[in-house]
Amino acid sequence: MDILKRIKELTKIINQANVDYHTYDNPTMSDYEYDMLFKELKELELAYPEYKQPNSPTDKVGGVILDRFQKVTHDIPMTSLSNAFNFDELADFYHRVQKEIEAFELISELKIDGLAISLIYENGNFIKAVTRGDGQIGEDVSENVKTIKSLPLTLTKPVNITVRGEIFMPYESFYKLNAEREKEGLPLFANPRNAASGTIRQLDSSIVSKRGLDLFVYTIANSDDFEIDTQYEALTLLHKLGFKINKNYRLSNTLSDLFETINHLDRTRQGLNFATDGVVVKVNQFNYQKELGYTARHPKWATAYKFSPEVVETKLLKITFQVGRTGVITPVANLETVEVSGSNVSRATLHNEGFIRDRDIREGDYVYLQKAGEIIPEIISVNMDKRDKQLPFEMITNCPDCNSVLVKKESDADHFCINPDCPSRNINQIIHFASRNAMNIDTLGEKVVETFHGLGYLNNIIDIYSLKDHYDELIELPGFGKKSIDKLLEAIENSKTMPFAKLFFGLGIKNVGAKVAQIIVDELSDIDTIMSATKEELTSIFEIGDVIADSIINYFKDEKNLEIIKFFKENNFVLSQEKVKKLDDHFFSGKTVVLTGTLEHFSRNELSDKLVLLGAKVSSSVSKKTDIVIAGDQAGSKLTKAVELQIKVLSEQELLEILNEE
Ligand code: IVH
């Protein structure tokens, strides 16, 4: 068998099958057939890596891990659009066009709420995917984009084309991702757009491949190279080439037509499985687009009409209160179930007492609920016309669970239960400690913690480690048994060697999430240094502000918490991390550095991490205390200020030289 020939053949067949399935909704082979061919290709590539094709569909499962994204300059800049927030503003846009062009056609497309991407193909083969960045320079995220199932790796014609589109996360993938994150104790994504852009910035493409991103393409950047005259034709051509386009677009010739189109698209979008936040209205004819041209920032031939978020009215039945792991009390609105932006809502957070008072929200009120691109619904105001004899809201004074008196500090918006023995608080603390991103005690989930707590076996974190003393009783519990208890105890034993940053996160200190925990541990290395750190020392860490510093200091003032740390010490838990080495005599050590402008060789975060490792302090604003300003392309006011203050300015080239020399 000619291996190379077979590999090429399989690559072609599978790529075609992908396009048939994802773009044309027209599967041309069975799943089984597909899997077999895929498996064959994968095996051949493994045995003959030198023959693997650059557009191989096996890359779709990801696996490449990068340490950073390369910067790429867009040959054709990616502009953004002007906005119209109502029909008046849309009419203004229409009349501005009409002033220049007598008769024109408009094409309206749904505005997908994701992130813009530029896709480059040569000879019909996928070459590169670049994010929008600042419109001039973006980042090469090809490995991640390749994993998107509907991205064609080979087009139906061998063209050189640059297309633009939107990467988005369908609602279903979004809900699934957030449900997983909730289980793992990770912060949730506020909406599908954030989830999509967070995902595309992952350095490990196999993570991306699992998150169910999708893609619509809407523009040909080099449309002059094709025999097309309108955006309508561009969409048709894109589809023919194998791209997935969103079919919800419409032409209109008059302003009233346009309004009708917008209303139609607004109705259509309700039933879609992805988020849209408006309609992009474009002049259809390319020659007119050219004639109209651009302002300094936007094309004059297009605008984005933004939908206003859907608002519904419903009855607020009752306000209840939840106790979090830090003891924070959150009032929750229990609502008469209502549908808003496609989902049923029966609960909404009321944040804290201040939020309720500002809006004068009362039990029994009819309230307006809003759900925009944001997925989390929020009460915006009360319908005062329906206010009757509802009584003013009164904040509870005692914990809904343990009844101890709540505490609210002047500086804080929230009330807290500070009873160290409060059951809700303790249960949530234990659940957090055991969660995946903390000590990862796999089988110690919510249900088990509640059960053990109810039976008196688990009152705090320390008790986790004496569960083994109750072995004989635990295995007798209904629903447990020897096997599951053995497994649990083993997971608990293993957790003792968890890295320090995980344990530190697991403590559940207010405002200290997984990332902050890691930063602090990287910087201060061990528990004693952290416990004795002053506020100044803590806030001198880049990223740590007053609020976090205060919560850490307060945490270690609490006798109960000191008790926990003592326990960890006595039982040899991992309470330190090897210090990241700093070079004392480096050019940058001890210097305060400000970064400005776009750099070609580093992302800002990267460079700032690097400088911190070299002993520099990276600050965000230029002042007399600044020692060095590193100025990339298009550096603005910070550079001007540095020159004014006669601060040393380094170009990226000079920076590279220093880094190389040292
Ligand atoms: S056209 C110069 N069409 O909305 C015209 N944009 O500021 C470029 N978007 O950055 C955009 N759906 O990320 C266009 N059908 C669509 C779109 C769309 C979503 C995004 C895109 C762009 C932003 C507008």
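Remember, it's 1-based here, ligands and their atoms both numbered in the order they're listed. Side chains are part of it too, since the values below use all heavy atoms of this structure and drop only hydrogens, waters and symmetry mates.
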Side-chain donor-acceptor pair under 3.5 Å between Asn287 and Glu291, yes or no?
-> no
Could you tell me which atoms of ligand 1, counted from 1 in the order shown, lie closer than 4.0 angstrom to a heavy atom of Leu81?
-> 2 (C), 5 (C), 7 (O), 24 (C)
With heavy atoms only and a cut-off of under 4.0 Å, state how Arg164 meets ligand 1: side chain, backbone, both or neither.
-> neither
For Pro299, take its heavy atoms, then give the atoms of ligand 1 lying under 4.0 Å from any of them.
-> 2 (C)
Selection from Tyr294, Tyr249, Tyr218, Trp301 by shortest heavy-atom distance to atom 17 (C) of ligand 1 | Tyr218
Side-chain ion pair, Arg193 and Asp277, N-O less than 4.0 Å | no
Could you check atom 23 (C) of ligand 1 against the protein and tell me its nearest heavy-atom contact, residue, atom and distance included?
-> Lys111 CE, 3.9 Å
Proximity to ligand 1 by part of Leu110, non-hydrogen separation under 4.0 Å | backbone
Do Asp59 and Lys52 meet the salt-bridge criterion of a basic N to acidic O distance under 4.0 Å?
-> yes
Would you mind checking which non-hydrogen protein atom is closest to atom 12 (N) of ligand 1, with the distance to 0.1 Å?
-> Ile112 N, 3.1 Å
Could you tell me how the ring of Tyr171 sits relative to the ring of Tyr175: parallel (under 30°), tilted (30 to 60°) or perpendicular (over 60°)?
-> parallel
If you measure from the Lys or Arg side-chain nitrogens to the Asp or Glu carboxylate oxygens, is any gap between Lys290 and Asp224 under 4.0 Å?
-> yes
Of the protein's non-hydrogen atoms, which lies at the shortest distance from atom 10 (O) of ligand 1, and what is that distance?
-> Ala116 CB, 4.0 Å
Parallel, tilted or perpendicular, as decided by the 30° and 60° cut-offs, for the rings of Tyr94 and Phe104 | tilted
Quick look: Val280 vs ligand 1, heavy-atom contacts under 4.0 Å, and the answer is side chain
Return yes when Lys282 approaches ligand 1 closer than 4.0 angstrom through a heavy atom, no otherwise.
-> yes
Look at atom 20 (C) of ligand 1 and say which protein heavy atom is nearest, naming residue and atom and giving the distance to 0.1 Å.
-> Glu166 OE1, 3.3 Å
Below 4.0 angstrom from a heavy atom of Thr79, which ligand 1 atoms are there? Numbered from 1 as shown, please.
-> 2 (C)
Establish, yes or no, whether a centroid distance under 6.0 Å links the rings of Phe274 and Phe216.
-> yes
Side-chain donor-acceptor pair under 3.5 Å between Ser56 and Thr11, yes or no?
-> no
Heavy-atom distances under 4.0 Å are what count here, so tell me which part of Ser80 touches ligand 1: side chain, backbone, both or neither.
-> both
Find all atoms of ligand 1 within a distance of less than 4.0 Å from any non-hydrogen atom belonging to Glu109, and give their numbers and elements.
-> 3 (N), 15 (N), 16 (C)
Do Glu109 and Gln231 have a side chain donor and acceptor closer than 3.5 Å?
-> yes
